[in-house]
Amino acid sequence: MTSTGGILGPRGFRTGIEWSAPSAARARAAQLVAEHRTRRQEIIRNPHLDTEWARAAVRAPQLLAAVREAIGQDIAVENTFLVVKWPGRAFEIPWHQDGIDARLELDPDRSVSAWLAISDAALDNGCLHAVVGSHQFGYLPFSSEAEHGAERGRADQATGFTADASTVLPLPAGSALLMDSRLLHRSGTNTSNGARVGLNVRYAAPGGIRRRDPQSPSPDPISGTGW
């Protein structure tokens, strides 16, 4: 049975988690910006499956310790997205919940999402905003955002609520934010002079995937069985 209070407490998120030394994270961000500058790719799907740096990032010891504290010792990576917000390009991610979309639903008692700052994330370059305690709303209806013609496609956005107030969550490079799968969050356009780079990760424990598109990649086990 899903707990109303949530596995991460009344706020629905946890900060103060280090996945990398800040200097190493910033160096990685510079490398990724150079790698994707020509095409100006904004979303790279599941880099943990084919790049060593991302595979190591989702297994960073302090990050895994926080994930295991929340959902237990047996965990797998369900999905990752590398997101690059380029300067001078409109890119707003609407209010959404990581644990539900058109292809899957995660059990919020057996899943958690993480956002890893590879570059520094600040208000001017599109850091996350969250509605504190919004995981207590449960999963909300959602629909696709308006067509904007971008190569990245249309994101799902939560509906049926009003965000009267939200909290800005800037993060230094090398730190991570852990979120309840139901937490409402968004991010704005990068108005700075440099690219903002982050990695989104969804973790699940055995039995944590309630519904899944069978054509999606299988969960990538980190520990345990039942996948």
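The figures that follow rest on heavy atoms only: side chains count, while hydrogens, waters and symmetry mates do not.
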Worked check of side chain to side chain contact (heavy atoms under 4.5 Å, CB included) between Leu49 and Asp220
CA-CA 8 Å; Leu49 295 178; Asp220 182 25; 4.3 Å; yes
Let me see the working for His96 and His185 under ring pair (Phe, Tyr, Trp, His ring centres under 6.0 Å), right down to the final yes or no.
CA-CA 6 Å; His96 66 284; His185 59 286; 4.1 Å; yes
(message) Evaluate Arg202 against Asp101 for salt bridge (charged side-chain N to carboxylate O under 4.0 Å, His left out), listing each step before the verdict.
(response) CA-CA 12 Å; Arg202 287 195 292 228; Asp101 59 32; 3.4 Å; yes
- Could you walk me through whether Leu199 and Ile118 pass the side chain to side chain contact (heavy atoms under 4.5 Å, CB included) test, one step at a time? CA-CA 7 Å; Leu199 183 68; Ile118 304 177; 4.1 Å; yes
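Considering every non-hydrogen atom in both Ala130 and Leu183, the closest pair reads CB-CD2, 3.9 Å. For Phe91 against Thr189, the heavy-atom pair with the smallest separation is N-OG1, 3.0 Å. Residues Asp109 and Ile71 share a closest heavy-atom pair of O-CG2, 4.2 Å.
Here the options are Gln31, Arg37, Arg39, the test is side chain to side chain contact (heavy atoms under 4.5 Å, CB included), and the partner is Glu35; only Gln31 passes. Among Leu82, Val84, Thr51, the one residue that satisfies the side chain to side chain contact (heavy atoms under 4.5 Å, CB included) test with Leu32 is Leu82.
Donor-acceptor pairing under 3.5 Å is lacking for the side chains of Asp164 and Thr162. For Arg26 and Ser119, the side-chain atoms include no donor-acceptor pair closer than 3.5 Å. A donor-acceptor contact closer than 3.5 angstrom is absent between the side chains of Ser113 and Ser181.
Residues passing the ring-ring contact (aromatic ring centres under 6.0 Å, His included) test with His36, sequence neighbours excluded: none.
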